[in-house]
Amino acid sequence: MDLLIKAHPSALMDKGIDQLHEMLEAEDCEILIREDQGFAGFATLHMLYDQVWYLDNFAVDGPGQGQKLIRDMLAVVFDELGAHRLMCDVVFDNAAGMTAMRRAGFTFEGNMRQCWKRGGIWVDCHAFSMLAPEWQRIRG
């Protein structure tokens, strides 16, 4: 976990290890950590309200590994937590992130202008979501 935090500090949006430990204790938060066979990644999720979850942070330690973690995350969110909707946003210049979301079956919902501050500058994000019936079709 420490290596992922060091490798992807921007994904954690200024969260430190203490805040991550607090998140682990919160009932409306889930942290998914995967480390096995040369693969490592994490996702942090928050329940916004009844059966609606938001993917807050997502990072993997190498290119091409996102789909494995996304699939694991979707199984947790929909199959274990009983979510109806999972939503996320991807910064406008993160082409790999947008490709990963589309490839996983997320639906592009639109642009959110200047929704996130990065390095003191407001940047646009693209909104994505997946619904439980869509996950059911994907997983078969």
Side-chain angles (χ1 to χ4, degrees):
M1 178 72 162
D2 290 336
L3 291 175
L4 284 170
I5 291 170
K6 288 176 185 171
H8 301 282
S10 63
L12 292 169
M13 296 189 285
D14 301 324
K15 291 177 178 70
I17 194 69
D18 292 336
Q19 190 171 2
L20 289 174
H21 285 290
E22 287 176 23
M23 290 169 64
L24 281 170
E25 301 298 321
E27 290 183 25
D28 64 346
C29 182
E30 291 288 326
I31 299 178
L32 180 65
I33 302 169
R34 295 290 188 256
E35 293 180 294
D36 61 352
Q37 300 171 349
F39 169 82
F42 70 91
T44 63
L45 302 129
H46 289 91
M47 184 170 52
L48 296 178
Y49 43 89
D50 186 37
Q51 295 180 293
V52 176
W53 286 79
Y54 175 74
L55 172 59
D56 189 30
N57 302 295
F58 184 90
V60 291
D61 68 351
Q65 295 184 343
Q67 290 303 306
K68 178 178 174 24
L69 183 58
I70 290 172
R71 187 143 177 104
D72 288 351
M73 176 192 64
L74 291 170
V76 168
V77 168
F78 291 112
D79 299 339
E80 294 178 26
L81 300 175
H84 172 71
R85 174 181 168 87
L86 173 63
M87 50 200 276
C88 68
D89 52 74
V90 180
V91 176
F92 78 100
D93 59 358
N94 182 351
M98 287 184 279
T99 297
M101 292 300 126
R102 284 188 174 108
R103 187 174 292 148
F106 280 75
T107 298
F108 173 73
E109 293 187 326
N111 299 314
M112 297 183 298
R113 300 178 311 142
Q114 298 183 1
C115 69
W116 192 62
K117 209 169 193 177
R118 180 174 66 188
I121 298 170
W122 288 100
V123 295
D124 296 349
C125 293
H126 301 292
F128 290 88
S129 72
M130 183 178 290
L131 303 176
E134 295 165 339
W135 167 245
Q136 296 304 320
R137 282 193 298 274
I138 289 168
R139 77 175 177 102

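Everything numeric here is computed off the predicted structure, so don't read it as measured data. Computed from heavy atoms alone, side chains included, the values below leave out hydrogens, waters and symmetry copies.
- Evaluation of the side chain to side chain donor-acceptor pair (under 3.5 Å) rule for Arg118 yields Asp93 as partners, not counting sequence neighbours.
- Exactly one of Leu55, Val76, Val77, Thr44 qualifies for a side-chain contact (heavy atoms from CB on, under 4.5 Å) with Leu32. That residue is Val76.
- Smallest separation of non-hydrogen atoms from Glu109 and Ser129: OE2-OG, 2.7 Å.
- The side-chain heavy atoms of Asp124 and Gln114, taken from C-beta on, include a pair separated by under 4.5 Å.
- Closest approach of Phe58 to Ala43, counting heavy atoms only: CD1-CB, 4.0 Å.
- Closest non-hydrogen pair, Gln51 versus Gly82, comes out as NE2-O, 3.2 Å.
- Atom CG of Leu69 sits about 10.5 Å away from atom CD1 of Ile33, to the nearest 0.5 Å.
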(request) Please test Val60 against Lys68 for side chain to side chain contact (heavy atoms under 4.5 Å, CB included), starting from the C-alpha separation and ending with a verdict. (result) CA-CA 10 Å; Val60 291; Lys68 178 178 174 24; over 6 Å; no
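- A distance of 9.5 Å separates OG1 of Thr99 from CD of Gln67, quoted to the nearest 0.5 Å.
- One finds the NE2 atom of His46 at 7.5 Å from the CD1 atom of Ile31 (value rounded to the nearest 0.5 Å).
- Legend: ring-ring contact (aromatic ring centres under 6.0 Å, His included) pairs involving residues 88-108, not counting sequence neighbours, sorted by first then second residue: Phe108-His126, Phe108-Phe128.
- Once rounded to the nearest 0.5 Å, the distance linking CG of Asp28 with CG of Leu45 reads 11.0 Å.
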(request) Report the C-alpha separation of Met87 and Leu48 in whole Å, then their side-chain angles, then the decisive distance to 0.1 Å, and conclude whether the side chain to side chain contact (heavy atoms under 4.5 Å, CB included) test is met. (result) CA-CA 10 Å; Met87 50 200 276; Leu48 296 178; 3.8 Å; yes
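- Linking ILVMFWY side-chain heavy atoms closer than 4.5 Å, directly or via other members, places Met112 and Trp122 in two distinct hydrophobic clusters.
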Which pairs of donor and acceptor atoms, one on a side chain in residues 130-137, lie under 3.5 Å apart (sequence neighbours left out)?
from	atom 1	to	atom 2	distance (Å)
Glu134	OE1	Leu131	N	2.7
Trp135	NE1	Asp79	OD1	3.1
Trp135	NE1	Asp79	OD2	3.4
Gln136	OE1	Arg139	NE	3.2
Gln136	OE1	Arg139	NH2	2.7

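- Closest heavy-atom contact between Cys125 and Trp116: SG-CB, 3.9 Å.
- Nearest heavy atom pair, residue Ala104 against residue Leu74, reads O-CD1, 4.4 Å.
- Expressed to the nearest 0.5 Å, how far NE2 of His84 lies from CZ of Phe78 amounts to 8.5 Å.
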